[in-house]
K.L.:
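Quick one: this structure, given as structure tokens, is what I'll be asking you about.
Note on naming: letters A, B, ... go to the chains in the order of the sequence lines (proteins, then strands), and numbering restarts at 1 for each one.
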There are 2 protein chains.
Amino acid sequence: MNVGEPGEETMAVRLVAALRDEIVTLRLRPGDAISESDIAARYGISRQPVREAFIRLAQQGLLLIRPKRATVIKKISPDGVRQSRFIRESIEVEIVRRVALCADGAAADQLNALIAEQEQASEIHRFHELDEEFHRTLARIAGVEYAWRLVEDHKIQLDRVRYLTLGVSSQQRAIAEHKIIVAAVSNGDAAESEAAMRDHLARAEHLLSQTIADYPDYFEPVDEALEVAL
Amino acid sequence: MNVGEPGEETMAVRLVAALRDEIVTLRLRPGDAISESDIAARYGISRQPVREAFIRLAQQGLLLIRPKRATVIKKISPDGVRQSRFIRESIEVEIVRRVALCADGAAADQLNALIAEQEQASEIHRFHELDEEFHRTLARIAGVEYAWRLVEDHKIQLDRVRYLTLGVSSQQRAIAEHKIIVAAVSNGDAAESEAAMRDHLARAEHLLSQTIADYPDYFEPVDEALEVAL
DNA sequence: GTAGCGATTCTTGTATGGTAGATGAGCGCC
DNA sequence: GGCGCTCATCTACCATACAAGAATCGCTAC
């Protein structure tokens, strides 16, 4: 297992990226136990950098470190997914509101260029990259790129679910919705922009409960009180 | 220096709380350099737990670890403060929107009880506690307590500024604004609730530039492009 | 066959030593 | 006197060793 170029960043930082990828793509599955020693052996390093990577991942909500017991890949929490969506919607709605109020022609051009690229993209991986780039660009235009990094940190919870439902994505629809958003912000219409973004983010909502039914082992148990809200 | 009861959590976790407090209260001042060895000696432990505490604090944006060089208390970033406010406003606005749509009588009672307590509170520390409790209660009613913890994590940037401006707070005004918010959500008026929350959060805006002028050493330099936005 | 107890073997937490790189002081050279 | 190099010293990074709690397997007693 390669862990990136040796020399640039510290080993611990590279490990975070590597493990994060393994978790999102479910090569490390929710509920799996991993030990510092195992990972250290797999990567041919000592326990210490592994330990530090674990700390970072635990703070991101991906690992659960149980002192003196074990460290496990956190199961996907349906309530966590719901609240991650809440966070994302809160911030992205506010972003497009601001973009609508301050966007100029150059901004619209950037966004349209990304959409054009997305229409060309054939493979799904590239499509998702461009999707991320579209949203990040909106954040940059609004001047809150740091806030977007925050969304990215929490989007990983949503990404694990998305990875389970690959194939059902409707790329054409996503592109159409992006166009609606750009049109609204270009007109400087904050209310319309907000509505368009809410629509766009609400798209995948109904998939979650089906996914839980398909992969119950990957999810934390839900108490009935929340079930209706999902 | 006491670091809390020995036995419950790990030393590293207790250190995080202790150092965090020292940073917010500016006993550790922005720009100060601290080394693993120093802190380890001060607390009478080894370097390893200190190191892990540093990692956690760095991820929270309070420390800047410069490999092979030194670790310093991050200076307050005016742009970071601005974006932390953006994050807070985004989420809190969305919270009151939802509370307005789902709040019942019991919820309003809880909020009113907190306001009543706040009117009695004499010392400023207790007042701020109740202020936090008010906002956290709103989040709980909306069912997004986790999202609020996120706001708290970033509020620490704002708290350092607030610590510099103690005394100028206008408690009566804050209470009045809380009442307006409760009235709006009780009426189920989402738009009015949103507006009231935006007003409430905008209160301390003008203080930042004055604070930067008073304590320039505690802040990162600002590029002129941003100055107008503060 | 089963329940209960104990040693073994996991796990993470902490301590310490050694290493590479960056910084800054002091000296020599221009 | 001022500029540049060398070296001592500091830093965080990584490796290794030890400690302590938790879980599990296996034995023993019933």
K.L.:
Between P on C:dC10 and CD1 on A:I39, what's the gap in Å once rounded to a whole number?
P.N.:
17 Å
K.L.:
What parts of residues 52-61 of chain B reach DNA chain C, counting only heavy atoms under 4.0 Å away?
P.N.:
none
K.L.:
Under a 3.5 Å threshold, yes or no: a donor from one side chain and an acceptor from the other, between B:R85 and B:Q157?
P.N.:
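Not at all, the side chains of B:R85 and B:Q157 share no donor-acceptor pair under 3.5 Å.
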K.L.:
Please give me the minimum heavy-atom distance between B:P30 and B:K74, naming the atom from each residue.
P.N.:
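The answer is CB-O, 3.7 Å.
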K.L.:
Flag the pair B:Y146 / A:H154 as yes when their ring centroid distance falls below 6.0 Å, and as no otherwise.
P.N.:
yes
K.L.:
Polar atom pairs between nucleotides 16-18 of chain C and protein, under 3.5 Å, N or O only, would you list them?
P.N.:
unit_1, atom_1, unit_2, atom_2, d
C:dT16, O4, B:Q48, OE1, 3.3
C:dG17, O6, B:R47, NH2, 2.5
C:dG18, O6, B:R47, NH2, 3.4

K.L.:
I'd like to know if the side chain of B:Q60 pairs up with that of B:R20 as donor and acceptor (distance under 3.5 Å, no hydrogens or angles considered).
P.N.:
yes
K.L.:
Could you say whether A:R66 or B:R69 is positioned toward the 5' end of DNA chain D, judged by the nucleotide with the nearest heavy atom to each?
P.N.:
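The residue closer to the strand's 5' end, by nearest nucleotide, is B:R69.
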K.L.:
A:I95 and side chain to side chain contact (heavy atoms under 4.5 Å, CB included): which single residue from A:V151, A:L138, A:I141 fits?
P.N.:
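So the option named by the test is A:L138.
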K.L.:
Measure up the A:H200 and A:H135 rings against each other and bin them: parallel (under 30°), tilted (30 to 60°), perpendicular (over 60°).
P.N.:
parallel
K.L.:
With heavy-atom distances below 4.5 Å as the criterion, would you say the side chains of A:H178 and A:D131 are in contact?
P.N.:
yes
K.L.:
Would you say a side-chain N or O of A:R51 is under 4.0 Å from OP1 or OP2 of C:dG13?
P.N.:
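Yes, within the criterion.
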K.L.:
Under 4.0 Å between a Lys/Arg side-chain N and an Asp/Glu carboxylate O for B:R140 and B:E145?
P.N.:
yes
K.L.:
Nearest-Å distance, CD (A:E36) to C1' (C:dT14)?
P.N.:
12 Å
K.L.:
Under 4.0 Å between a Lys/Arg side-chain N and an Asp/Glu carboxylate O for A:E22 and A:R42?
P.N.:
yes
K.L.:
On the nucleotide D:dA12, are OP1 or OP2 found under 4.0 Å from the side-chain N or O atoms that B:T71 carries?
P.N.:
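Yes, because at least one side-chain N or O of B:T71 sits under 4.0 Å from OP1 or OP2 of D:dA12.
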K.L.:
When the distance from CG of B:D38 to C1' of D:dA12 is rounded to whole Å, what number comes out?
P.N.:
13 Å
K.L.:
Could you tell me the separation between the OH atom of B:Y43 and the C1' atom of C:dT14, rounded to a whole number of Å?
P.N.:
18 Å
K.L.:
From NZ of A:K68 over to C1' of D:dC18, roughly how many Å is that when rounded to an integer?
P.N.:
13 Å
